[in-house]
Q: 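Take this structure, written in structure tokens, and hold onto it; I'll ask about it next.
Since this is a predicted model, take the numbers as computed values, not measurements.
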Amino acid sequence: MMQAALHRASRAYRSVHPAARLLTPLTAALIALAAPPCALAATAPAATEATPPSFALPARPSEMLRAPETTWAPVMAGVASAMDERAKALDLLSKPALIEYQTQRTVFAQARRDWPAVFDAVRKTRELQESESARHMAGLLNEVLARHAQAGGDAAALTRLLRDQVLAMPWTAVEPAVLTLRDQLAGMKVEAVDNFVVNRLDLSASVSDNKATVGFLIQLLAMRFQVLEVLPKRDALVAALDDAIAQRKAEPAAAARQ
């Protein structure tokens, strides 16, 4: 009975968001899979996969979005156990499945403020990428925000950290992704995330009697991270990208004058 409900929930998720497996520059930089342009999501289980383990949410997804860590604690313990089990079979996973696993691992580590695990998962995700741009951009914001949280510092320190990391990248390879990331960050709205969670995730959870798979929970954690960590620091992040873009665009003009 519950397996059927979870399968219906998975179908409901894919029906409201059929592009669940597509990556955008913003979501690649945040190492989560795409939902609407400013609402991050993770993948739903494929229809051919066995029914994954599920966990009872203590509240609706929209209520969990800003719930205290104590409310999340039982769910996080269950997800940790499921992730550990999946880690035992990594040799059997395809490259897309490995990317998905490291994606989930990054989001989960970020939620637990386990910075070494964030850095390790980001590194492994980048190693799996095929394009040069993705090998630099994947997990960029996760890494920078984790380093800032680990070291401490104000908004100016965060701006310097992201700006310097972007300037260290090969500009011809990453320029389109950096420009798109800048515009998407500037256009982010908390209302878009709230609306997506209420209209999509609450609906899906209602179908499954508030039971959630690991993928669903990682999706919700990614949105929680966006609301609680990314949006409050958006101005500093956009300023960093603006500075890096301005410096790179000034270089050809300066060279032409010489």
Side-chain angles (χ1 to χ4, degrees), residues 22-42 99 102-103 106-107 109-111 115 118-119 121-123 125-127 129-193 196 221-256:
L22 299 180
L23 279 169
T24 67
L26 172 61
T27 57
L30 280 170
I31 215 153
L33 297 182
C38 295
L40 306 183
I99 292 174
Q102 296 299 343
T103 293
T106 303
V107 175
Q110 202 111 35
W115 310 133
V118 171
F119 302 142
V122 167
R123 176 181 60 80
T125 302
R126 288 175 180 165
E127 290 173 351
Q129 303 300 316
E130 295 184 1
S131 74
E132 184 179 5
S133 176
R135 287 194 294 271
H136 290 281
M137 290 292 292
L140 172 63
L141 295 187
N142 293 81
E143 179 185 8
V144 167
L145 288 167
R147 293 197 184 284
H148 182 254
Q150 188 178 53
D154 56 11
L158 176 59
T159 295
R160 290 192 298 271
L161 191 62
L162 177 57
R163 178 201 63 204
D164 292 349
Q165 188 146 339
V166 171
L167 288 174
M169 297 177 183
W171 187 242
T172 54
V174 303
E175 180 182 6
V178 171
L179 294 175
T180 302
L181 172 61
R182 186 268 172 210
D183 288 345
Q184 290 187 327
L185 276 172
M188 286 169 60
K189 295 184 183 298
V190 68
E191 295 84 4
V193 181
F196 182 81
L221 285 170
M223 293 184 180
R224 175 180 168 87
F225 177 68
Q226 186 177 0
V227 168
L228 300 184
E229 300 294 337
V230 178
L231 277 163
K233 300 176 178 69
R234 175 177 54 185
D235 290 348
L237 297 170
V238 172
L241 296 174
D242 282 344
D243 195 358
I245 292 166
Q247 287 194 46
R248 285 291 180 245
K249 288 191 172 182
E251 288 171 356

Q: Please determine whether side chain to side chain contact (heavy atoms under 4.5 Å, CB included) holds for the pair Phe119 and Gln150, giving the CA-CA distance in whole Å, both sets of side-chain angles, and the decisive distance to 0.1 Å.
A: CA-CA 11 Å; Phe119 302 142; Gln150 188 178 53; 3.6 Å; yes

Q: When you compare the side chain of Trp171 with that of Glu251, does any pair of heavy atoms fall below 4.5 Å?
A: no

Q: Could Lys249 and Glu175 be called an ion pair, given the rule that one side-chain N must be under 4.0 Å from one carboxylate O?
A: no

Q: In Å and rounded to the nearest 0.5 Å, what is the CG to OG1 distance from Asp235 to Thr159?
A: 9.0 Å

Q: Quick check for you: to the nearest 0.5 Å, what is the distance between Leu228 atom CG and Arg224 atom CZ?
A: 5.0 Å

Q: Looking at every non-hydrogen atom in both residues, tell me the closest pair between Val118 and Ala146 and how far apart they are.
A: CG1-CB, 4.0 Å

Q: With heavy-atom distances below 4.5 Å as the criterion, would you say the side chains of Leu162 and Leu141 are in contact?
A: yes

Q: Decide salt bridge (charged side-chain N to carboxylate O under 4.0 Å, His left out) for Glu229 and Arg234; before the verdict, give the C-alpha distance in whole Å, the side-chain angles of both, and the deciding distance to 0.1 Å.
A: CA-CA 9 Å; Glu229 300 294 337; Arg234 175 177 54 185; over 6 Å; no

Q: For the residue pair Thr106 and Asn142, what are the closest heavy atoms and their distance?
A: CG2-ND2, 3.6 Å

Q: How far does CZ of Arg160 sit from NE2 of His148, to the nearest 0.5 angstrom?
A: 8.5 Å

Q: Ignoring hydrogens, what is the shortest heavy-atom contact between Glu132 and Pro170? Give both atom names and the distance.
A: OE2-CG, 3.5 Å

Q: Could you grab the distance from atom OG1 of Thr125 to atom CZ of Arg123, nearest 0.5 Å is fine?
A: 10.0 Å

Q: What do the steps show when you test Glu143 against Arg126 for side chain to side chain contact (heavy atoms under 4.5 Å, CB included), and what is the final call?
A: CA-CA 12 Å; Glu143 179 185 8; Arg126 288 175 180 165; 2.7 Å; yes

Q: Show the atom names and distances, to 0.1 Å, of all donor-acceptor pairs under 3.5 Å that link a side chain in residues 133-140 to residues at least two apart or in another chain.
A:
from	atom 1	to	atom 2	distance (Å)
Arg135	NH1	Glu130	O	2.7

Q: List for me each residue that meets salt bridge (charged side-chain N to carboxylate O under 4.0 Å, His left out) alongside Asp242, sequence neighbours excluded, and say none if there are none.
A: Arg182

Q: Are the side chain of Gln226 and the backbone of Val193 linked by a donor-acceptor contact shorter than 3.5 Å?
A: no

Q: Determine whether Leu158 and Val144 make a side-chain contact, defined as any pair of heavy atoms from C-beta on separated by less than 4.5 Å.
A: yes

Q: Identify the residue among Leu161, Leu167, Val166 that makes a side-chain contact (heavy atoms from CB on, under 4.5 Å) with Arg163.
A: Leu167

Q: Indicate yes or no: at least one non-hydrogen side-chain atom of Val230 is less than 4.5 angstrom from one of Leu185.
A: yes

Q: Of Val174, Leu241, Ile245, which is the lone residue that meets side-chain contact (heavy atoms from CB on, under 4.5 Å) with Leu179?
A: Ile245

